[in-house]
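Working notes, beginning with the structure itself.
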Amino acid sequence: MLRRSCYHGWSAKTVARSIQDQMMKRGESHVLLDVSHESASKIMRHFPNIAAQCQQSGIDITRQPIPVVPAQHYMCGGVQTGLLAETNLAGLFACGEVACTGLHGANRLASNSLLEGLVFANRAVEASVCHAEYALKHAGSALHHAAMSADFVGSKAPAVLSAASSEWIAATRKELTSLMWANAGIVRNTADMQKGLVCLGTLCQEVRSLVKSTGVTTALTELQNLATVGELIMASAVQRKESRGLHYCVDFPFVAQDQCHPTSRSGFGARAPASVKDKSSSQKSRELSRLRSQREE
């Protein structure tokens, strides 16, 4: 059983690996976290949502231990952006955990994530509004025509899946989740990742074949996207010959110093809003302020 004071100050990666290690050694599905040494009033003041959620399962965290299992971030540095949250795809902006803004390396730290989300969400809103206004001004009629002429009926309507296909998609999605957790989870090794990559290749081919024979549906498209991202994650992880932050491989347990790269972004992406592109940082800041004032007027 873990007591909160025992691991206070440890990094998330250390706690997650330690929990998984104990689960595997004991063959258990979780560990227990005990916070009952703290006063009930302090616990309820600091963790009201956790307390309420546990209470729904019949657990009083002021007196009883909490079942804990490691989770993982969906992305730890993903879609590369510039300083306005813009990407190299015009009109696509990213912020938060899905984005690689340059403020994080291979770890995703809670307090930093909150600040990053606040700053880049604000920047993304301003920049995306600028982009939308620019697009409306220069291509408004074309956008309106495209929206009005969209046709998703008849031959262009989503395909109707058979009961067997729906069951296969649901089962394959669970299989994909298990495969990623087992072969590219908290603690990785090269052999398992290589096996997982082969399985993912087969799974992706099966999904593509079903799309070709059945047609496009929401469930099938989601599965195809998940399988593609899983394959990319696994392929990237196999190529990494070091351990860095949350990316831990037992075959390469140390950081390779020659693989260290700056994460800060000194410039903007190729698709910054037209009105703020190709300017210095101070100029871009002033331009955004000007555009904001114009909208308020």
Side-chain angles (χ1 to χ4, degrees), residues 1-34 66-80 96-116 175-204 226-265:
M1 182 181 296
L2 299 174
R3 292 182 70 86
R4 183 173 179 268
S5 58
C6 293
Y7 67 87
H8 182 66
W10 290 6
S11 65
K13 63 181 182 182
T14 304
V15 175
R17 290 177 201 156
S18 298
I19 291 175
Q20 188 193 43
D21 178 67
Q22 291 301 309
M23 288 167 54
M24 294 181 68
K25 286 179 179 178
R26 301 177 184 184
E28 298 176 349
S29 61
H30 61 272
V31 298
L32 296 174
L33 174 63
D34 182 16
I66 308 167
V68 176
V69 65
Q72 62 185 24
H73 288 278
Y74 295 102
M75 299 288 286
C76 193
V79 180
Q80 185 169 326
E97 196 161 308
V98 73
C100 180
T101 60
L103 300 187
H104 292 280
N107 273 315
R108 183 64 73 164
L109 306 178
S111 57
N112 286 4
S113 292
L114 293 172
L115 292 173
E116 179 192 31
E175 179 187 349
L176 176 60
T177 300
S178 299
L179 180 65
M180 292 301 297
W181 180 253
N183 297 285
I186 295 172
V187 177
R188 303 167 178 173
N189 67 75
T190 303
D192 284 346
M193 287 190 291
Q194 290 175 337
K195 292 177 183 177
L197 194 55
V198 172
C199 294
L200 278 169
T202 302
L203 190 150
C204 286
L226 288 168
T228 300
V229 172
E231 190 174 32
L232 289 171
I233 290 173
M234 194 84 74
S236 299
V238 168
Q239 295 178 55
R240 185 184 291 274
K241 306 303 180 185
E242 63 163 356
S243 289
R244 185 180 298 275
L246 297 176
H247 305 280
Y248 181 76
C249 180
V250 295
D251 300 310
F252 305 97
F254 304 108
V255 172
Q257 295 300 331
D258 62 341
Q259 295 298 311
C260 292
H261 302 291
T263 58
S264 60
R265 301 284 177 256

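Each residue takes its place number in the sequence, starting with 1.
- Considering every non-hydrogen atom in both Cys204 and Thr228, the closest pair reads SG-N, 4.3 Å.
- The minimum heavy-atom distance between Glu231 and Gly201, with the atom names listed, is OE2-CA, 3.7 Å.
- The CE atom of Met193 sits 10.5 Å away from atom CD of Gln239, with the distance rounded to the nearest 0.5 Å.
- Around NZ of Lys241, the count of heavy atoms belonging to other residues, nucleotides or ligands within 6.0 Å exceeds 12.
- Here the closest heavy-atom approach between residue Arg17 and residue Tyr248 is recorded as NH2-CB, 3.3 Å.
- For the side-chain contact (heavy atoms from CB on, under 4.5 Å) with Gln20, the qualifying choice from Val69, Val15, Val187, Val31 is Val187, the only one to do so.
- For the pair Lys25 and Asp21, the salt-bridge criterion is met [side-chain N within less than 4.0 Å of a carboxylate O].
- Atom OG1 of residue Thr190 and atom CG of residue Asp251 lie 3.5 Å apart, to the nearest 0.5 angstrom.
- Residue His30 comes nearest to Pro67 through the heavy atom pair CD2-CB, 3.8 Å, listed as atom of the first residue, atom of the second, then distance.
- In plain terms, the two heavy atoms of Arg188 and Ala237 that are nearest each other are NH1-CB, 3.5 Å.
- Rounding to the nearest 0.5 Å places CG of Leu179 at 10.0 Å from CG of Asp192.
- Distance CE/Met23 to CD1/Ile186: 8.0 Å, rounded to 0.5 Å.
- In this structure the side chain of Glu242 never reaches within 4.5 angstrom of the side chain of Gln257, judged on heavy atoms.
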Side chain to side chain contact (heavy atoms under 4.5 Å, CB included) between Met234 and Met180, worked out: CA-CA 8 Å; Met234 194 84 74; Met180 292 301 297; 3.8 Å; yes
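- Shortest non-hydrogen contact noted between Cys249 and Ser243 is N-OG, 2.9 Å.
- Atom CD1 in Ile233 sits 13.0 Å away from atom CG in Asn183 (nearest 0.5 Å).
- Note that the CD atom of Glu175 and the CG atom of Leu203 stand 5.5 Å from one another [nearest 0.5 Å].
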